Amino acid sequence: MVVRTCVSCGVKQEKQTLRRFVWRGEAPFFDEKAVLEGRGAYCCDKDNCSEQLMKQQRRWKRIFRL
């Protein structure tokens, strides 16, 4: 069992239950199959977590160390 933490709300869940994002160009990109190269950030399936996180550009830069 591989556990990851939601970067929005901090809940810990199994990797398969979270959405994975990678940085592509100038914005985060949803890695639907979790196979893209690079650092990944995980967000839970709650709609409010995803929406809130997508609005926070400064937070993405810290998450992906840009």
Side-chain angles (χ1 to χ4, degrees):
M1 178 170 87
V2 179
V3 176
R4 297 286 185 258
T5 303
C6 173
V7 294
S8 183
C9 68
V11 68
K12 294 182 186 301
Q13 294 181 354
E14 289 187 35
K15 183 179 174 181
Q16 298 87 335
T17 63
L18 298 170
R19 297 177 184 171
R20 182 175 189 261
F21 291 89
V22 293
W23 192 261
R24 289 288 179 251
E26 297 293 321
F29 179 76
F30 175 52
D31 183 5
E32 189 173 351
K33 296 182 182 179
V35 295
L36 296 176
E37 294 180 0
R39 177 178 297 276
Y42 294 86
C43 184
C44 63
D45 289 337
K46 297 177 190 171
D47 288 331
N48 59 343
C49 276
S50 317
E51 290 175 15
Q52 187 177 23
L53 188 60
M54 292 307 270
K55 294 177 185 177
Q56 298 175 354
Q57 291 298 323
R58 289 174 55 194
R59 190 166 196 185
W60 282 112
K61 292 182 179 193
R62 188 181 74 213
I63 291 169
F64 288 106
R65 300 179 184 172
L66 301 175

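Computed from a prediction, not measured in an experiment: that's the story for all the values here.
- Applying the ring-ring contact (aromatic ring centres under 6.0 Å, His included) test to pairs two or more places apart or on separate chains, those with a residue in residues 30-57 are Phe21-Phe30.
- Sorted by first and then second residue, the salt bridge (Lys or Arg N to Asp or Glu O under 4.0 Å) pairs with a member in residues 49-66 form an empty list; sequence neighbours excluded.
- Trp60 and Leu53 make their closest contact through NE1-O, 3.0 Å (heavy atoms, listed as atom of the first residue, atom of the second, distance).
- For residues 21-37, the pairs satisfying side chain to side chain donor-acceptor pair (under 3.5 Å) are Arg20-Asp31, with sequence neighbours left out.
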Acceptor/donor pairs from residues 3-13 side chains to any protein atom, 3.5 angstrom cut, sequence neighbours excluded:
residue: Thr5; atom: OG1; partner: Lys12; partner atom: NZ; Å: 3.1
residue: Ser8; atom: OG; partner: Cys49; partner atom: O; Å: 3.4
residue: Gln13; atom: OE1; partner: Thr17; partner atom: OG1; Å: 3.1

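- Minimum heavy-atom separation, Ile63 to Ala41: CG2-CB, 3.5 Å.
- Between Cys44 and Arg19 there is no side-chain heavy-atom pair separated by less than 4.5 Å.
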